[in-house]
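Since the structure is predicted, the reported quantities are computational estimates derived from the model, not experimental observations.
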Amino acid sequence: MANHYHIYKNNPTEGGTDGVLVSEGTGLTPVEIGPLNATNNEESSAIPLAIRCDTGYKTIGNITITPVGTTKEKWALSTDGTTWQTYGSGITISTEVGSTNKLFYVKAKATDDEVDPVNDTTVDIKVEAVIAAAS
């Protein structure tokens, strides 16, 4: 069964239909942040992402978006790019999402306990939403 919703990157615009589809599962277009300097406990800038449904579908009720995986505590989410949830915590979008972009934001940090620089591929963005046919 298809999700009928997807996440987009590369500076999507609120209310638009632009952006590049983020990999679903193992793929070639992950959300990329960095490189970050672990010695300085560097934190990235806010990265805008968007969620939108396929044409003909919409969300019903709240949408929960959460980082999941081994190093999820190094990822933070925000609904506005200004007010951030605690690292590793999720956000809730309470507005209906249809076939146009609803923006949210992610950022990541590196910490000085990291021994060697790595590309962290352990974290996924989990979306929980109820999807229905748009009327």
Side-chain angles (χ1 to χ4, degrees):
M1 179 178 208
N3 287 335
H4 296 297
Y5 61 82
H6 307 280
I7 295 177
Y8 297 85
K9 66 177 189 172
N10 285 19
N11 295 311
T13 54
E14 182 75 26
T17 57
D18 56 345
V20 173
L21 181 64
V22 170
S23 300
E24 297 173 353
T26 303
L28 300 176
T29 56
V31 174
E32 297 174 298
I33 298 176
L36 300 173
N37 185 323
T39 303
N40 296 335
N41 293 304
E42 187 177 9
E43 185 176 87
S44 74
S45 301
I47 306 295
L49 299 175
I51 183 169
R52 74 174 181 259
C53 294
D54 293 338
T55 300
Y57 293 90
K58 66 180 181 178
T59 61
I60 304 288
N62 290 341
I63 304 163
T64 304
I65 303 173
T66 311
V68 295
T70 306
T71 59
K72 69 179 185 178
E73 74 282 349
K74 294 186 180 189
W75 287 73
L77 303 176
S78 171
T79 57
D80 62 10
T82 302
T83 304
W84 293 89
Q85 295 301 312
T86 305
Y87 274 89
S89 298
I91 57 171
T92 299
I93 297 173
S94 56
T95 56
E96 180 181 290
V97 173
S99 60
T100 61
N101 292 339
K102 172 64 180 162
L103 294 184
F104 67 98
Y105 301 82
V106 299
K107 67 180 178 179
K109 66 179 177 178
T111 55
D112 60 11
D113 61 348
E114 296 174 31
V115 178
D116 295 314
V118 299
N119 286 330
D120 182 2
T121 59
T122 69
V123 175
D124 293 319
I125 299 171
K126 180 181 177 183
V127 176
E128 296 178 78
V130 176
I131 307 298
S135 16

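The salt bridge (Lys or Arg N to Asp or Glu O under 4.0 Å) pairs that include a residue from residues 77-97 are Lys58-Glu96, where partners are two or more places apart or lie in different chains. Every pair passing salt bridge (Lys or Arg N to Asp or Glu O under 4.0 Å) that includes a residue from residues 40-53 is listed here, sequence neighbours excluded: Glu43-Lys107.
With hydrogens and angles disregarded, no donor-acceptor distance shorter than 3.5 Å links the side chain of Tyr8 to the backbone of Thr13. With Asn3 contributing its side chain and Tyr5 its backbone, the two residues share no donor-acceptor pair below 3.5 Å. Looking only at distances, no side-chain donor or acceptor of Thr79 sits under 3.5 Å from a matching main-chain atom of Phe104. Between the side chain of Ser78 and the backbone N or O of Thr83, at least one donor-acceptor pair lies under 3.5 Å. One N or O on the side chain of Thr29 and one on the backbone of Leu21 form a donor-acceptor pair closer than 3.5 Å. Between the side chain of Asn10 and the main chain of Val20, no donor-acceptor pair closer than 3.5 Å is present.
Not counting sequence neighbours, Glu24 has no partner by the salt bridge (Lys or Arg N to Asp or Glu O under 4.0 Å) test. Not counting sequence neighbours, the partners of Glu114 by the side-chain hydrogen bond (donor to acceptor under 3.5 Å, both in side chains) test are Lys74. Legend: residues meeting ring-ring contact (aromatic ring centres under 6.0 Å, His included) with Tyr57, ordered by chain and number and at least two apart, are His4.
Heavy atoms of other residues, nucleotides or ligands lying less than 6.0 angstrom from CG of Asn119 number 12 at most.
Think of Val130 as one node in a network of Ile, Leu, Val, Met, Phe, Trp and Tyr side chains linked at under 4.5 Å; its network also takes in Ile60.
Taken from CD1 in Ile93 to OG1 in Thr64, the straight-line distance is 9.0 Å, to the nearest 0.5 Å.
In this structure, a donor-acceptor pair under 3.5 Å is present between the side chains of Thr122 and Thr71.
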>> Assess the residue pair Ile91 and Trp84 against the criterion (side chain to side chain contact (heavy atoms under 4.5 Å, CB included)); give the C-alpha distance rounded to whole Å, side-chain angles, the decisive distance to 0.1 Å, and a yes or no.
In response: CA-CA 9 Å; Ile91 57 171; Trp84 293 89; over 6 Å; no
